[in-house]
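Here the structure is laid out as structure tokens; the discussion comes afterwards.
Note on naming: letters A, B, ... go to the chains in the order of the sequence lines (proteins, then strands), and numbering restarts at 1 for each one. Note that the coordinates shown come from a computational prediction; the quantities given were computed from them, not determined experimentally.
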Number of protein chains: 2
Amino acid sequence: MTTRSSTDAARVIPEATVARLPVYLRALTALADSGIRTCSSEDLATAAGVNSAKLRKDLSYLGSYGTRGVGYDVDYLRYQIAREIGVTQDWPVVIVGIGNLGHALANYSGFRSRGFRVVALLDADPGIVGQTVAGVVVRPFDDLEEIVREHDVAIGVIATPAVAAQDVADRMVAIGITSILNFAPAVVAVPEGVDVRKVDLSIELQILAYHEQRKANGADAAPATDGGAA
Amino acid sequence: MTTRSSTDAARVIPEATVARLPVYLRALTALADSGIRTCSSEDLATAAGVNSAKLRKDLSYLGSYGTRGVGYDVDYLRYQIAREIGVTQDWPVVIVGIGNLGHALANYSGFRSRGFRVVALLDADPGIVGQTVAGVVVRPFDDLEEIVREHDVAIGVIATPAVAAQDVADRMVAIGITSILNFAPAVVAVPEGVDVRKVDLSIELQILAYHEQRKANGADAAPATDGGAA
DNA sequence: AGGAGTTTGTGAACGCGGGAACAAAATGGA
DNA sequence: TCCATTTTGTTCCCGCGTTCACAAACTCCT
Ligand SMILES: NC(=O)c1ccc[n+]([C@@H]2O[C@H](COP(=O)([O-])OP(=O)(O)OC[C@H]3O[C@@H](n4cnc5c(N)ncnc54)[C@H](O)[C@@H]3O)[C@@H](O)[C@H]2O)c1
Ligand SMILES: NC(=O)c1ccc[n+]([C@@H]2O[C@H](COP(=O)([O-])OP(=O)(O)OC[C@H]3O[C@@H](n4cnc5c(N)ncnc54)[C@H](O)[C@@H]3O)[C@@H](O)[C@H]2O)c1
């Protein structure tokens, strides 16, 4: 049915590569915006902050879209990557939990420009339901099923407090959502076939703190005194 | 072999392990909050959403803090991990770019409870400077140096538009910040010795979209009935 | 046309991380 | 005291991902 390429059989793209494709896409868009029509793997790798060999290998999983001795056509490669990722059309997305973070997400213009469309904002708090955020009226959480069916939503965003995250995820899964982006600092368990990705500010900061501490101790050589082996 | 105390140098913790320690810490806090004093690696692994063998190996990099046949003392292990990460005291943090996202970050209570303290909010827009956000007055970006020196800040958060990210990062690095958490969808280059971690909503969504697309296309390529369930 | 220069695509080597499996250590009961 | 049970800490193995290095392919200049 879809653009089923005749040449490719069982093309499996490594997960690490998949995670970098959006970065390449962003870099290509930046290049295109500055009027550049063609670039080498070296150019693009620099813009994307990776090694050029890695970039070439990553792109090789998609196909041979470059020209030896020349490089890559920026627009063409950008389209190919967008197609591979699946963002040539917009994906409908629902956001659950319209608190501090939910407001910021609702107002985020980057959704639209990167292949996503927020079709609904949902919250369980009657005090928030009915408010207009970013031009969209917040609807009760119980409308989730109706909305998901109506817009054929496959991707849900959780921006509720941690205690509610698992419940919200369960409801999403029950209704047919198969991809979840979780901002709550909680591990959410989902059945096979459902993807969950997490964005956790505190974890990122703590990783930075760890390295920061090591930098400090490297000069200092004075780790905290340990209570000793009991 | 013998669990020499923590003052031993040469203890190199794999990056993948470092990234999971905060998750263990969170899980341990949750266990402690529900009154559990002791747990097995299996219990903790379940709470953290990982394999128990991996958990044990991760913890073994820190030392031998468990008791065979018994498990781990929740509070003790929690302290050890917190100490290893470096969050037994608070790290001062500055946030640059107090727009939609910056507001949400400023209002985020999770900073304080997880080892971080927001010492300043900065913005370049005179219309935003002087406003009070989360009880803190937004200061001009040019005050960065003064603030960093005064509070000995090592960690900076970038929540500006993408075009400003590199400039802000450069200023931060010049002033002595050595760890950056970047929310802007841009690759920021920094000198050796400075750590940058990125949080990118669009990338996460695009990764989900890729897999979502594969699930949809899988109908014509998938081998019979394994299809996602099971 | 042919050679020099460029740049891609990929084969191969290597190191890191994940997971199974097991020996070592601690508890508790007979 | 001694043995069965539990659970940790560690070893071994395998697969994935990164990087190097180079042949193939293309352009451009003479
Ligand atoms: N604010 C930040 O910058 C930030 C940063 C990182 C992580 N987080 C995490 O993101 C989540 C949201 O943070 P926040 O600051 O926006 O919190 P918040 O309390 O301001 O907002 C949470 C919203 O979720 C709604 N909610 C609660 N239970 C719900 C349920 N069962 N179904 C639907 N909606 C429900 C609440 O009514 C509220 O509007 C939290 O888990 C927080 O830890 C926030
Ligand atoms: N809003 C979201 O939910 C969201 C989600 C993901 C990523 N992001 C990214 O986070 C960043 C901020 O998003 P936002 O929605 O808050 O944008 P915003 O435009 O609302 O806020 C940006 C703020 O940065 C300030 N600023 C601009 N240049 C500056 C400079 N050189 N120095 C200091 N401050 C400067 C502006 O005055 C403004 O207050 C953007 O890069 C955006 O792509 C936002």
Side-chain angles (χ1 to χ4, degrees), chain A residues 7-21 23-24 27-28 31 36-74 76-78 80-81 84 207 229-230, chain B residues 1-6 8 10-21 23-24 27-28 31 36-74 76-78 80-81 84 207 210-211:
Chain A
T7 53
D8 45 324
R11 243 184 3 183
V12 173
I13 300 185
E15 197 52 36
T17 297
V18 171
R20 282 188 295 268
L21 290 180
V23 180
Y24 302 154
L28 284 167
L31 290 177
I36 295 171
R37 311 287 298 266
T38 299
C39 69
S40 68
S41 64
E42 195 62 44
D43 296 336
L44 184 53
T46 301
V50 301
N51 177 302
S52 70
K54 182 163 22 180
L55 171 75
R56 287 199 300 277
K57 176 150 284 195
D58 283 340
L59 295 184
S60 77
Y61 292 115
L62 311 192
S64 285
Y65 296 134
T67 305
R68 298 176 189 220
V70 178
Y72 302 90
D73 180 281
V74 171
Y76 181 61
L77 183 58
R78 185 162 57 136
Q80 293 299 338
I81 293 179
E84 191 67 40
I207 294 170
Chain B
M1 218 192 350
T2 33
T3 62
R4 202 76 63 90
S5 92
S6 65
D8 274 351
R11 237 185 8 184
V12 173
I13 299 184
E15 197 52 36
T17 296
V18 171
R20 282 187 295 269
L21 291 179
V23 179
Y24 303 153
L28 284 166
L31 290 176
I36 295 171
R37 311 287 298 267
T38 299
C39 70
S40 67
S41 64
E42 194 63 44
D43 297 336
L44 184 53
T46 302
V50 301
N51 176 301
S52 69
K54 181 161 29 177
L55 171 74
R56 288 198 299 278
K57 184 181 276 191
D58 283 341
L59 295 183
S60 77
Y61 292 116
L62 311 192
S64 285
Y65 296 133
T67 307
R68 296 176 190 222
V70 178
Y72 301 91
D73 180 282
V74 171
Y76 182 61
L77 182 58
R78 185 163 58 134
Q80 293 300 338
I81 293 179
E84 190 68 40
I207 294 170
Y210 170 80
H211 292 296

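Scanning DNA chain C 5' to 3' for nucleotides with an atom closer than 4.0 angstrom to a non-hydrogen atom of chain A gives a first and last hit of C/dT6 to C/dA12.
Computed from coordinates, the A/Asp73 CG to D/dT27 P distance equals 13 Å when rounded to whole Å. Atom CD in A/Glu15 sits about 8 Å away from atom P in D/dG17, given to the nearest Å. One interatomic measurement links the two molecules: CG of A/Asn51 to C1' of D/dG17, which rounds to 12 Å at whole-angstrom precision.
At a threshold of 4.5 Å between non-hydrogen side-chain atoms, the residues A/Thr38 and A/Val70 count as touching. For the pair B/Leu59 and B/Ile81, the minimum side-chain heavy-atom distance is below 4.5 Å.
A/Tyr65 has its ring centre less than 6.0 Å from the ring centre of A/Tyr76.
Not a single donor-acceptor pair, N or O on each side, falls under 3.5 Å between the base of D/dT10 and the side chain of B/Lys57.
Looking only at atom types and distance, the side chain of A/Ser40 has a donor-acceptor partner in the side chain of A/Asp43 under 3.5 Å away.
Identified under the salt bridge (charged side-chain N to carboxylate O under 4.0 Å, His left out) test for residues 50-66 of chain A, with sequence neighbours left out: A/Arg20-A/Asp58.
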For this session: Please assess B/Ile207 against A/Glu15 for the test side-chain contact (heavy atoms from CB on, under 4.5 Å), listing each intermediate value before the final yes or no.
Result: CA-CA 9 Å; B/Ile207 294 170; A/Glu15 197 52 36; 3.9 Å; yes
Problem set entry | Stepwise side-chain contact (heavy atoms from CB on, under 4.5 Å) check, A/Glu84 with A/Leu62 | CA-CA 7 Å; A/Glu84 191 67 40; A/Leu62 311 192; 3.5 Å; yes
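Not a single donor-acceptor pair under 3.5 Å links the side chain of A/Thr17 to the backbone N or O of A/Ile13.
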Distances under 3.5 Å between protein N/O atoms and the N/O atoms of nucleotides 5-8 of chain D, please, pair by pair.
{"residue": "D/dT7", "atom": "O4'", "partner": "B/Gly69", "partner atom": "N", "Å": "3.1"}
{"residue": "D/dT7", "atom": "O2", "partner": "B/Gly69", "partner atom": "N", "Å": "3.4"}
{"residue": "D/dT8", "atom": "OP1", "partner": "B/Ser41", "partner atom": "N", "Å": "2.5"}
{"residue": "D/dT8", "atom": "OP2", "partner": "B/Ser41", "partner atom": "OG", "Å": "2.6"}
{"residue": "D/dT8", "atom": "O2", "partner": "B/Arg68", "partner atom": "NH1", "Å": "3.2"}

